Amino acid sequence: MEAYQLFRKRQYSVIITEYCPPVAETDDMIRWVKKNAPETYIIIVTNASIDEKIYDNLFTIGVDDFILKPILQKGFSSMLRRV
């Protein structure tokens, strides 16, 4: 997977990735990043309705924040400043 190769070359302080359920690869990538660089802040972008069980699971495995589509520039900018 290209994301793994990029992360091996250079660690990032923030990762923004899209979540389209049911995608097990996203869960695996989150776990891998948190294992190798637990300080990395992970933001999930989605337009899918995520039920509470999936939402809780994503936070449990290491997601730090969510952005729901459509993304408003003002809200996105303020989120990145907080990180």
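What you see is a predicted model, and the numbers here were worked out from it, not measured in a lab.
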Between Asp28 and Arg31, does at least one N-O distance fall below 4.0 Å, as a salt bridge requires?
yes
Counting only heavy atoms not in Glu39, do more than 12 sit closer than 6.0 Å to its CD atom?
yes
Sequence neighbours left out, what passes side chain to side chain contact (heavy atoms under 4.5 Å, CB included) with Tyr12? Give chain and number order.
Leu6, Phe7, Arg10, Ile15
Side chains of Lys34 and Asp64: does their closest heavy-atom pair fall under 4.5 Å?
yes
So, the side chain of Thr26 versus the backbone of Tyr19: is there a donor-acceptor pair under 3.5 Å, distance only?
no
Rounded at 0.5 Å granularity, tell me how far OG1 in Thr60 sits from CD1 in Ile30.
11.0 Å
In this structure, NZ of Lys69 is separated from CD of Glu18 (nearest 0.5 Å) by 3.0 Å
Using side chain to side chain contact (heavy atoms under 4.5 Å, CB included) as the criterion, point out the one residue from Ile43, Ile42, Thr40 that pairs with Val14.
Ile43
Give me the atom names and distance for the closest heavy-atom approach of Asn36 to Trp32.
ND2-O, 2.7 Å
Compare all side-chain heavy atoms of Ile61 with those of Leu58 and state whether any distance is below 4.5 angstrom.
yes
Under the criterion side-chain contact (heavy atoms from CB on, under 4.5 Å), I'd like the reasoning laid out for Leu68 against Thr46: C-alpha separation, chi angles, the key distance, then a yes or no.
CA-CA 5 Å; Leu68 296 177; Thr46 187; 3.8 Å; yes
Are any non-hydrogen side-chain atoms of Thr17 and Val45 less than 4.5 angstrom apart?
no
